K.L.:
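First, the structure itself, so that you have it in front of you.
None of these values were measured; they are calculated from a predicted model. To find a chain, count down the sequence lines: A is the first, B the second, and so on, and within it residues start at 1. Only this structure's heavy atoms are used, side chains among them; waters, hydrogens and symmetry mates stay out.
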Number of protein chains: 2
Amino acid sequence: MQKLTLKKIAKELDVSISTVSKALSDSHEISKDTRQKIQAFAKLYNYRPNNIALSLKNKKTKTLGVIIPEIVHHFFTTVVSGIEKVANERGYNVIIGLSNESFSKEVINMDMLANGSIDGFIISVARETQLKKDFHHLHETINQGMPIVMFDRVLPEIACDKVVVDDAEGARKAVLNLIDAGCRNIGIITTEDHVSVGKLRTGGYEAALKERNIPLDEGFELKLKDELNEEENIEELAKVIATYLKDHPAIDGIFAVNEIYALSAMKAARYLGKHIPKDLKVIGFTDGMLSKYATPSLTTVSQHGKLLGEKAAFLLIERLEKDHLEPPFETIIVETELVERESTKQF
Amino acid sequence: MQKLTLKKIAKELDVSISTVSKALSDSHEISKDTRQKIQAFAKLYNYRPNNIALSLKNKKTKTLGVIIPEIVHHFFTTVVSGIEKVANERGYNVIIGLSNESFSKEVINMDMLANGSIDGFIISVARETQLKKDFHHLHETINQGMPIVMFDRVLPEIACDKVVVDDAEGARKAVLNLIDAGCRNIGIITTEDHVSVGKLRTGGYEAALKERNIPLDEGFELKLKDELNEEENIEELAKVIATYLKDHPAIDGIFAVNEIYALSAMKAARYLGKHIPKDLKVIGFTDGMLSKYATPSLTTVSQHGKLLGEKAAFLLIERLEKDHLEPPFETIIVETELVERESTKQF
DNA sequence: AAAGCTTACGAAAACGTTTTCGTGTTGATA
DNA sequence: TATCAACACGAAAACGTTTTCGTAAGCTTT
């Protein structure tokens with residue numbers, strides 16, 4: 001029982017392909033009799049038009065390409081769920097490519113999809129891409145007339161629609177919260193500067209301190225190497241943080257730029273016999289499962305990832321359907337929200 | 001700068017489309033001169049054949065459809081990462097559909113993809129599908145000549161390749177481990193029976209008790225309703241479990257069929273002043289972030305999700321490329337592994 | 001009865017490929 | 001010089017659609 005096509009229906013009912021096509025779209029160019037006969041037949045044998053043929057004809061695939069650095073990752077999957085939601089609502093499919101934080105995989109994946117498989121991209125660039133600053137694949141894609149929407153890790157060098165989290169502001173609010181909770185010596189655990197969001201969050205941290213006239217102590221900024229993010233290095237990560245905490249015993253508040261750093265900081269604090277939140281208050285970024293289920297539960301900056309995904313998909317689909325690829329481009333900023341839990345409770 | 005096609009190249013170089021096509025595939029039907037000229041031109045302007053046109057011609061899309069119940073979910077994303085890995089290695093793309101545990105969304109999503117967009121499916125069915133026992137969409141897909149590989153939540157009613165976790169065996173090993181650690185009153189926190197894997201894990205639990213001649217106490221089996229899995233019910237979940245623990249004070253070991261249940265059990269135990277692992281030992285299923293970062297860290301049954309995904313993609317691609325859709329079908333069982341952590345430590 | 005107008009349908013092009021087959025030119029062979 | 005192979009290329013079909021255009025048959029109008 002192979003797939004039914006217009007041609008087969010035409011043959012079976014002894015009419016032409018055009019007649020079948022028109023009858024199925026209920027064109028009154030075809031007599032009522034013939035129309036009903038054809039429609040009944042199509043329904044009976046469950047005819048569905050071939051998507052690929054339609055794509056070729058219409059020069060649109062109704063498919064969005066999504067490129068993310070990782071998929072086993074709470075934030076990115078939350079975003080994807082938002083993308084999928086509006087894509088489905090508007091009749092689009094979602095094809096996923098993973099860069100695994102690698103520049104070359106990002107390029108290969110985009111190449112693979114850019115050749116007609118999709119109508120546009122939604123992408124958060126790999127760490128390595130940010131580091132190398134090689135954006136030729138993005139420029140080429142745009143030059144070919146394929147729209148891109150960047151989210152979260154965006155690049156100012158690229159002219160396209162963007163959806164970002166207000167990283168700096170979220171960090172600022174978090175640090176202000178720590179200050180208001182009584183912390184005076186606030187440390188930050190962050191990434192190296194080439195990660196755009198890490199840098200932005202660090203900026204917010206510094207802004208909050210300045211705002212409250214707390215002097216910036218360079219030693220309080222712990223910038224961790226990318227390798228420490230790997231699964232197998234979680235013990236090492238906790239140790240590095242423990243050393244840092246031991247070297248700076250005055251620290252009474254920690255702002256960490258992601259969940260893992262925050263949880264590792266809490267673990268390290270326990271090693272050192274510090275009580276959370278009494279001796280040390282901790283705030284993380286990204287409101288994932290880990291924050292909710294940690295003990296003590298973690299106060300964090302929630303990014304509203306799903307909403308972010310919805311906005312990104314919306315921007316892309318709107319641009320596609322209006323068939324308007326030129327500037328102006330839009331940058332949507334999704335506000336963060338501080339979710340207060342046990343790790344910052346006051347006594 | 002629109003997409004380059006064979007036709008445009010042909011026009012530009014004043015040859016026929018066939019010549020261009022042949023030259024690009026390095027056919028020596030074309031003179032060396034012409035070949036080089038065409039290849040140089042194609043390279044210069046970065047020609048890439050249109051995937052959609054190829055798909056139409058070859059009647060294969062080199063794309064796999066993956067249908068999962070949820071994407072913000074550690075196990076499923078781990079599986080997807082495995083699928084994506086071997087798919088990419090073999091030149092396939094991955095298109096993702098989410099059922100959100102809903103039967104109708106599963107059907108709609110499969111319908112959308114089955115009309116030519118993909119070559120085959122990899123699916124873990126929605127909870128509601130298991131409950132309704134309506135599998136017409138799966139049967140129809142298979143009847144249309146499109147292969148399916150089921151994973152994790154598989155259906156015996158469907159004749160296709162399958163990849164499963166040895167749920168029963170993993171549960172059995174976990175419970176034996178609790179017994180060997182000295183537990184004599186072991187409870188299980190599980191799902192309702194219509195969830196296939198929940199039922200299997202419950203079976204393993206019962207088998208282990210029987211094996212060690214420990215009488216089965218019906219009251220020790222806590223079957224939780226699906227609604228308690230929702231994000232907003234996490235407090236409710238902990239309370240239900242606390243009540244259960246209070247009603248059965250003799251319980252000194254808990255086997256939970258997923259991470260959330262296990263963590264909620266630990267939280268509930270803390271409410272009741274029970275110390276883990278001294279008063280109560282806990283083992284979960286699924287080795288996700290939560291287990292690693294919990295305090296105390298959680299002993300769990302690891303499912304090797306990535307391997308599972310790799311196997312599933314392998315089975316599907318092999319069947320596609322051998323163009324052999326008939327039985328026999330294969331069922332691969334991926335072994336689980338008990339990862340021991342603090343929640344079962346002995347003193 | 002000639003002209004025009006509906007009605008109901010079919011032929012063919014187009015989307016971008018690959019591939020089969022046909023054909024004109026060249027050079028070698030008989 | 002006539003025949004034939006090799007060479008180098010082009011025409012056309014096919015994949016499954018949609019859509020434009022053409023047209024035969026039947027009808028109405030004058």
K.L.:
Look at all strands and tell whether B:S25 reaches a base, only sugar-phosphate, or nothing, counting heavy atoms closer than 4.0 Å.
P.N.:
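Result for B:S25 = nothing.
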K.L.:
Looking for any heavy atom pair under 4.0 Å, which part of the strands does A:S18 touch: base, sugar-phosphate only, or nothing?
P.N.:
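If one applies the 4.0 Å heavy-atom cut-off, A:S18 turns out to touch a base.
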K.L.:
Mind checking salt bridge (charged side-chain N to carboxylate O under 4.0 Å, His left out) for A:D152 and listing every partner two or more places apart, or none if nothing turns up?
P.N.:
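For A:D152, no residue satisfies salt bridge (charged side-chain N to carboxylate O under 4.0 Å, His left out) once neighbours in sequence are set aside.
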K.L.:
Mind calculating the distance between CD1 (B:I17) and C1' (D:dC9) to the nearest angstrom?
P.N.:
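Those two atoms, CD1 and C1', are 14 Å apart.
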K.L.:
Can you list the steps and then say if B:R90 with B:E318 is a salt bridge (Lys or Arg N to Asp or Glu O under 4.0 Å)?
P.N.:
CA-CA 10 Å; B:R90 304 193 54 167; B:E318 283 293 302; 3.0 Å; yes
K.L.:
Between A:Q39 and A:D26, does any side-chain donor sit less than 3.5 Å from a side-chain acceptor?
P.N.:
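A:D26 and A:Q39 do have a side-chain donor-acceptor pair below 3.5 Å.
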K.L.:
Please work out if A:K7 contacts a base, only the sugar-phosphate, or nothing of the nucleic acid, heavy-atom cut-off 4.0 Å.
P.N.:
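The answer is sugar-phosphate, as A:K7 gets under 4.0 Å only of primed atoms, P, OP1 or OP2.
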K.L.:
Looking at every strand, decide which applies to B:L6 at a 4.0 Å heavy-atom threshold: base, sugar-phosphate, or nothing.
P.N.:
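B:L6: base contact, heavy atoms under 4.0 Å.
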K.L.:
For B:T78 and B:S81, does a side-chain donor sit closer than 3.5 Å to a side-chain acceptor?
P.N.:
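The criterion, which ignores hydrogens and geometry beyond distance, is not satisfied for B:S81 and B:T78.
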K.L.:
Could you say whether A:A53 or B:R35 is positioned toward the 5' end of DNA chain D, judged by the nucleotide with the nearest heavy atom to each?
P.N.:
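Its nucleotide being nearer the 5' end, the pick is B:R35.
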K.L.:
With a 4.5 Å limit on heavy-atom distance, are the side chains of A:V66 and A:E84 in contact?
P.N.:
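They are not in contact (no side-chain heavy atoms under 4.5 Å apart), so the answer is no.
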K.L.:
Just checking B:S55: base, sugar-phosphate only, or nothing, at a heavy-atom cut-off of under 4.0 Å?
P.N.:
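Nothing, no nucleic acid heavy atom in range.
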K.L.:
Report yes if the side chains of B:V149 and B:K162 come closer than 4.5 Å at any heavy-atom pair, otherwise no.
P.N.:
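No - every pair of side-chain heavy atoms lies 4.5 Å or more apart.
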K.L.:
Walking along DNA chain C from 5' to 3', note the first and the last nucleotide with an atom under 4.0 Å from a heavy atom of chain A, and give both.
P.N.:
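Nucleotide range with atoms under 4.0 Å of chain A: C:dA8 to C:dG16.
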K.L.:
Contact class for A:S31 (heavy atom, under 4.0 Å): base, sugar-phosphate, or nothing?
P.N.:
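The residue A:S31 makes sugar-phosphate contact but no base contact.
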K.L.:
Judged by atom type as modelled, is there a donor-acceptor pair below 3.5 Å linking the side chain of A:D119 to the main-chain atoms of A:T61?
P.N.:
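A pair under 3.5 Å: yes.
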K.L.:
Would you state whether a donor and an acceptor, one from the side chain of B:E29 and one from the base of D:dC7, lie under 3.5 Å apart?
P.N.:
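No such pair is found, so the answer is no.
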K.L.:
By the 4.0 Å heavy-atom rule, please label A:K59 as base, sugar-phosphate, or nothing.
P.N.:
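If one applies the 4.0 Å heavy-atom cut-off, A:K59 turns out to touch the sugar-phosphate alone, with no base involved.
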K.L.:
Check every strand shown and say whether A:T5 touches a base, only sugar-phosphate, or nothing at a heavy-atom separation below 4.0 Å.
P.N.:
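Sugar-phosphate: the residue A:T5, judged by heavy atoms under 4.0 Å, touches backbone atoms but no base.
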